Every structure is written in C-alpha cells, then in structure tokens.
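First up is the structure itself, then whatever we jot down about it.
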Amino acid sequence: MRTPEKIAEECELIALDDRLGAVTRWREETGGHAAGHLPVYTPREVIDAAGMLPVGIVGSGEMEIIRGDAYFQSYICHLPRSVVEMGLTGRLDGLDAMVFPATCDVIRNLSGMWKLLFPEKLVHYLDVPHNHDPEVGGKFYAGELRRLAHDLSKISGVEVTDDRLHAAIERRNESRRLMRKLFDLRSDSPEKVPTAELYVLMRAGFQMAQTAHDALVREYYEAALASSRPEFDNARVIVTGSFCEQPPIGLIRTLEKAGCYIVDDDLLLGAHFILDDLPLDGDPFQTLAESWFYHSRSTPSRFVPDEVKGEYLVQLTRKRNAEGVIFAAPSFCDPALLEQPMLQAALDRAGIDHTAFKYAENNGQFHPILEQAGTFTDSIKLWSEAS
Amino acid sequence: MTDKKDTKEIPKEPSMVRQKELISGYFDQLATAHEDGKKVVYTFVPGNLAELLAAFDVIPVLPEINALQSGMRKLSRDYIATAEKSGHSEDVCTYVKCDLGMMEQGIGPTGKPIPEPDMLLLSYTGCFTFMKWFELLKERFPKAEVAMLHVPYQGDGVITKEMRDYTVKQLETEVVPKLEKITGKKLDRDRLKELLQRSAQAEEDLVWTWEAAKHRPSPIDGYFGGVFYIGPIFTAFRGTQEGVDYYRLLRQEVQARIDAHQGPITPHGQLNDQRFRIVVEGPPNWTSFRDFWSMFADEGAVCVASTYTRVGGLYDQGFRHDPDHAMETMADYCLGCYTNLSLPQRTKLIAKYCEEYEADGFIAHSVKSCNSFSAGQLLMLREVEKLTGVPGGFIESDLVDPRYFSAANIKNRLESYFQMLAQRKGSGSTQAVGAML
C-alpha cells in the first residue's frame, strides 16, 4: 500500500500542472473530447453523459502571467488573468468546450471574452436559478442544462439521453459519497488527512476521469486511515471564502504549519457543492436543477430567498466541532468579500471566533499569514482555556 | 473649444433645471412617503420596473441613485469610511458601501431622510453585485417583503423564448403578488397599459435626443450631459406625464441648438468648436464629475455616444415598451439592458456607435467598483479598434470613492490621448482617420 504522502505527491503533480498533462494523456488514450468548466459549480454529470471529460479550470498561481495582464484592469481578482494566460499560451487547446457558470460578473464577462478570443471553440454560459420555485426557476435551469447537453452533444456526437444522464448521476453520487467519507475522516482525525493533501487529491480530480479518480480517493482513504501520524494540539478551524480563485498550496500548508487543523472548507467548492445523493428516478435534468435548491452548500454566488446568512456556517462549525473560522478570500472577490460581513455577524452572534485575510493565487510570501494564523490559533487555545 | 467663462456662472440648459426640479421633488416625496401613506420599494436602476411600481402607487428608492447623488455632493467619502469601519472590504463596490454608510448615518443625499423599505425588489439585471447588495439590505430591513426577479444573462447574445417566459413567469408569480400584498390592491392592468404607453412616448423623444449627436457640431454631450438626460427615465418618471413632458422639453431644446449650430453647455461654457467626437464606455466618476467633464471639454472633445446612458434601456436599438403586452415588454426591457449584453454584443454596439456617430476616438473608463462594466473592457477596446479603426483610450478610476480618482494621472492620459488623436487627424495617414472622418 502506498502512503498517503506518496499518493498526494502524485496528485499534486496532476493538480498543479497548468498544461493539463493528465487531460492530454486521457485524450490520447481514449480519443475522447473534453470540456472545461470554470468555478464555482457546473453539474459535471451533463458533460460526463455527453461522453466528454469534465475538466475543472481554476486558474494557476504557479504560472508567470505574460499576456493575461494586458486584458484586465488593475482592480480585479487574479483568476481571469491566469485563465486567459492559459488560453493564449495553448494550455487549454485540449479542451473542445468551455462552460462558464453564473458565478460573478468577472466569470460572466470572461465567457464573452472567450467567445471573442477563441471563436472556434464552444463557449457556453450557464445561468443558474435565483428563483427557487421548482416550477419556475427549476424548469428554467433544467432547460439551461438541456441546452448545455445539446451543445456538448454536437461536439461529442453522443446524445444525452435520460438513461445516460441517470447513469452519470449515479457515478457522481458514488464520487460524492467517497468525498464525504474523506471529509468526515478529516474532521474526525485531522492529523490523518492534512488539508494540503486532501486539496491536491480533490484538485487532481478536476483533470481525471471519474473512475480513475475514485480509485485514487479510495486508495488515499485507506492509506490515511491506516496512517499513524502524530496528533498535535492544533486549533480546529473552518476555512471559507476560497470557493473560486484558489489560494496557493503554500498558503494551505502555512495555515497547517501555524497550528490549524482545517476540518472543513470551501476550497474547490464545485467538487463538494452537492451535499447528498441525488435521486435516480424521474427527469434527470429536473433532478440536477432541483439539486441547486435542495442539496447544495451555501455559497455567496447562490441566492437563497429565505436564507439566514451565516446560519449554514454556524451549523457547519458546530457539526465539525470547529473552534474558529478563517475567512480567506481572494482580493477583489466581490461575492466572498460582500458576503463576509454578514457571515462574521452570524459568527459573532454565535460566539465563534474568526479572523480574515485576503490572498491572490500567485502569492509567494506567507509569513504574514503564518503570523496571523498562528496568533489566531494561539488565541483560541490559550484564551479558551483561560476562560 | 469651449468659450471659457470661469468667472461667471454658466447658464444651465432648461432641461437640466427641470431635471433637477424633478429629482429634487422625487426626494421630497420620498422623505414623507410613509406619512403620506405611500409604500416604498427599494430596487435597482437597470431593469427597474418603474411602470409596474407606479401602477401600484409605490415609490421606488434606487440605491445607486442615492450613491451617485452622495458622490456628486462630496458625501461619499465619509459614507464609504463608515461602511469600511463596520467591516466592509476596501476591495468591493463603493456604491454598496456608500449606500450602507449613508444608511448608518440615517440621512439621504439631499439631507432629507430616506424611508425604510416596505419591499425589496431585486430586478437582478446585469450586475452580480446587486444580489449581494440586496442581501445586505435584507439583513438591515428584515421586516421588508422580498422579491427576486432573476433576469437571465444574454450569454449567447440573444433573448430566447425560455428566457422571456421565465422572466414573465416570475413577474406573474413573484413580483406582482408581492406588490399586491404590500399595497393591499390588485394590479390595475389598464393603468399599467397607460403607463407603458407614456413610457414609449418619452422613449421616442429620448432616442431622438441621442441621435441628434450625429449632427456637427453635436448639440448634446451624450455622456456627461447624457447622465442628466437619463435621470428621469432611469428613475421614478418613466410612465409619468412629467417624464413625457421632460423629454419633449429636452427635444425642443436640442432642436434649438441644432438650428443655431450650437454645441452643448459644458462646465466651461458652450462647446461649439468640437475638435474630437468621442464614444465612451463605462460609468462616469461622480465625485469629480465636473473636473472629469472639463478634461474632455477643455480639449474640445464632445461625447457623441456612451454605453452608460444605455444601462437603463437600449431604446436607440429599437426597444420600446409595448403597452399591449405588458408583462412581456417588461421582461424584454429587463433582458435587454446594456449590462445584460454579452461582451461580443457590447463590442458590436460600440463599434456601431463609432461608425454611426462618426467618432474620432473611443474611451473606456474602467471603474474599480464595477466588474460588470469593466471586466473585459481592454479586450473590447482592441476589438472595436479592429472593427472600426477608431483608436481607443483607457482610463481608470471609480464611481464614488474619491481615493481612486487621480486627477493628474487621468488628465495626463487624456491629454496624451487627445494629442495622439490630433496627430492622426493632422497627418491624415492612418487607417483610423478613414473611420474618423
């Protein structure tokens, strides 16, 4: 059996490869088509059912930005710069389509930029429903997903039938079960599942065929469970705000080095946005549509009419027995940063400690964050004991 | 160039005076709305349902208008500081922070109170930040009725039947019932029809006004002056007789300037000698509005068309409210607002403006607060140049945060840009000149 560290090493090579080597290999082996999708959430089942490889595109903090900067003004998050850089340097040539889900104005406009920059590619803007009546918003979103399926089918030549989509949902249910199990193990024994490892494992899945990735997750789970890593007197924290542009892996390691056990997070949220198994009967498009209403995590880009802001985070903190929350949002991320004061107010009402900082995906200096997170964990450990 | 009259007070156009009266009267009405038994609905400008609200006799509060009014009155700096002190990030939209800070201080931009909302109506059109703003308002006013009208984005550059049906369904099942609930009365569809009819009348005159900029000299400034012209139709006066009368007055005034071969009145006087005809993309800066305008006027630059003045409706592209199909026309209005267009659509529209208005230049004003406008503008600039040969310029500042308006930098950039335009015009040798003249 490989150690969790070894598996994580393999995953990191895949996950942080901004040339999408794993996708290229998959295409060479299968001769199949691939479709990229931007954060936050795209139902990968639809891409899968169209016989294509869903590829999560979350930018790249590792890459030097040479051309991407020339396309954006000063005051904007970093993600679109690196995504454009990836596109202009041929790193995304292996993708036959790009799906831009309704997340924020930047990703929305990026869809139009893609149309102008890469007119030969399929560019699909996927609207999501802010009306939560299944007969109104649900039907609209189901129609959007049908339109996506139709567009993708034109590329792959594979029609998305109800049977194919049900099968894809069933496969995705299995992946989600595995991921939930791993999240639970991390929460129960955070020393066995460092978030830096879980993160690269999840992110590798954005470039891999699902069955191959599931096998890797199972292997990692068994290896982590069997591992005997020392347990430290760390503070159990939840990291939130990182659902779209991703922090550099060094930042996650810095938080762990600073004495944090990250017991839940919204990193790569698209990979764990749906919380439950989805039903396998009825109209599968409607099922996926209604999963947005009934089976999804709270996140700033999802409007919920009767939501009490922050309630989800408070409940999650309690469920994970966390001692504090770290708000880690990308600079200039309107969804995360506009939501933050509402979440902080909810945490204050619930008496939950929190701290906040911003990052960009290409940050290279982590010392201030080490100091800040260290102070936060110290305050949790020392002051909570004192009180 | 302008006839500079720095020492004298510059006469205002009659329409500007009337516009000021209308807006001032609106704020007065707002201040006593609840005492007068009126219901108040907070909503946003793009895709606002002015006629529907008027049909229920409710008064709209438009938070962006409050923010820009605060900006023009030099109040926004303090409001933004107040919001930042209470935990709002320096990175986010300053309209939002200005509005929240204003509420903290409990007074509206004109010094009169803004009543609390009976309903929050989010017509989610073309701006994601509206949704978060709306959620923040929801936290602040938990007793208010809440209605979300989700307007799908024109990602593929078209309004499909599904998009229209979805929007209409929401109007019928979400928005109208909630307005009926807060007002205690049924929607009077005949009245709505009359209001929509009046909107269409006003829209005709507004379009005539925009198109007057095709004359030389242009009798209007379609950006700086244009923001005055859109005031009534973007806010509470669409569908009203006052709105119709205002646009008729405006039309007469502009016709008189065409007849007299006169340009618009700018901060430095009448701009008759127009060296450059410019198309502008993006909202203006409000905190230094007059200085900003002067940077153009001083160079003899008149803005012949702008995209900001189309955020409340693309009437010049043929849209008119259709009184015979009330719900459908309101849906189309929301779906068709400028910021709900895809980037390729926006690019084509700007290129069309450059050609139809015979522009010498195209300037994108990127504002920190508005990714809906700004993300992608640099690519649009290149594309417009490619399509038309009209040279583009790019400047950055903000809507209402004075910290981001660097007057010296912007002036320097604009001067350099206009010098470049002058050289091109003078040499007559570049590809751009063909498109300019």
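The structure presented is a predicted model; accordingly, all values stated were derived computationally and were not measured. Within every chain, numbering begins at 1; the chains are lettered A, B, ... in the order of the sequence lines, protein sequences first and strands thereafter.
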TODO: Under 4.5 Å, counting heavy-atom pairs only, tell me which of B:G157, B:S369, B:G126 racks up the most with chain A.
DONE: B:G126
Task: Residue selection (most heavy-atom pairs with chain A, distance under 4.5 Å) from B:A364, B:S366, B:P344, B:C93 - done: B:P344
TODO: Decide side chain to side chain contact (heavy atoms under 4.5 Å, CB included) for B:Q154 and A:Y125; before the verdict, give the C-alpha distance in whole Å, the side-chain angles of both, and the deciding distance to 0.1 Å.
DONE: CA-CA 9 Å; B:Q154 289 195 47; A:Y125 179 78; over 6 Å; no
- [ ] Please say whether more than 12 non-hydrogen atoms of neighbouring residues, nucleotides or ligands are located less than 6.0 Å from NZ in B:K178.
- [x] yes
Just verifying a value: how many Å separate [X] [atom1] and [Y] [atom2], rounded to the nearest 0.5 Å?
| X | Y | atom1 | atom2 | answer |
| --- | --- | --- | --- | --- |
| A:M113 | B:L379 | CE | CG | 4.5 Å |
| A:I107 | B:N371 | CD1 | CG | 11.0 Å |
| B:K132 | A:D334 | NZ | CG | 10.0 Å |
| B:K386 | A:L116 | NZ | CG | 8.0 Å |
| A:S301 | B:M131 | OG | CE | 6.5 Å |
| B:T129 | A:D105 | OG1 | CG | 5.0 Å |

Task: All side chain to side chain contact (heavy atoms under 4.5 Å, CB included) counterparts of A:D348, not counting sequence neighbours - done: A:H354
Open item on the list: Using the side chain to side chain contact (heavy atoms under 4.5 Å, CB included) criterion, which residues pair with A:P341? Sequence neighbours excluded.
Closed with: B:H88
- [ ] Using a cut-off of under 4.5 Å on heavy-atom pairs, state which of A:C333, A:G112, A:S111 scores highest against chain B.
- [x] A:G112
- [ ] For chain B, find which of A:G137, A:A102, A:A345 contributes the most heavy-atom pairs closer than 4.5 angstrom.
- [x] A:G137
Task: Check ion pair A:K358-B:D91 (N to O, under 4.0 angstrom) - done: yes
Open item on the list: Taking A:D133 first and then B:K169, would you say they form a salt bridge - that is, a charged N and a carboxylate O separated by under 4.0 Å?
Closed with: no
Select one option (side chain, backbone, both, neither) describing which atoms of [X] are under 4.5 Å from chain A's heavy atoms.
| X | answer |
| --- | --- |
| B:V96 | side chain |
| B:T160 | neither |
| B:D156 | both |
| B:T173 | side chain |
| B:C127 | both |

Side chain from CB out, backbone as N, CA, C, O: work out which of these in [X] comes under 4.5 Å of a heavy atom of chain B, or both, or neither.
| X | result |
| --- | --- |
| A:V123 | backbone |
| A:A70 | both |
| A:P129 | both |

Task: Geometric cation-pi criterion, A:R108 with B:F128: 6.0 Å, 45° - done: no
TODO: Verify the distance criterion only: is there a donor paired with an acceptor across the side chains of B:S89 and A:Q340 at less than 3.5 Å?
DONE: no
Task: chain B contact residues among residues 141-155 of chain A, heavy-atom distance under 4.5 Å - done: A:R147
Would you say [X] and [Y] make side-chain contact, with heavy atoms under 4.5 Å?
| X | Y | result |
| --- | --- | --- |
| B:S342 | A:K115 | no |
| A:M342 | B:L136 | yes |
| B:M163 | A:D127 | no |
| B:E396 | A:Y75 | yes |

TODO: Considering only heavy atoms, give the residues of residues 139-151 of chain B separated from chain A by less than 4.5 Å, sorted numerically, with 'none' for an empty result.
DONE: B:E139, B:M148, B:H150
- [ ] Measure from the side-chain N and O atoms of B:K138 to the backbone N and O of A:D306, and report whether any donor-acceptor pair falls under 3.5 Å.
- [x] no
Open item on the list: Would the distance check show the side chain of A:N109 and the main-chain N or O of B:S372 forming a donor-acceptor pair, the cut-off being under 3.5 Å?
Closed with: yes
TODO: Indicate the atoms forming the closest heavy-atom contact of A:Q73 with B:A375, along with that distance.
DONE: NE2-N, 3.7 Å
Task: Geometric class of the B:Y166/A:F140 ring pair [parallel <30°, tilted 30-60°, perpendicular >60°] - done: parallel
Task: CA sep, side-chain torsions, deciding dist, call: A:K139, B:E162, side chain to side chain contact (heavy atoms under 4.5 Å, CB included) - done: CA-CA 10 Å; A:K139 289 228 161 109; B:E162 290 75 16; over 6 Å; no
- [ ] Could you tell me if the ring centre of A:F303 sits under 6.0 Å from that of B:Y124?
- [x] no
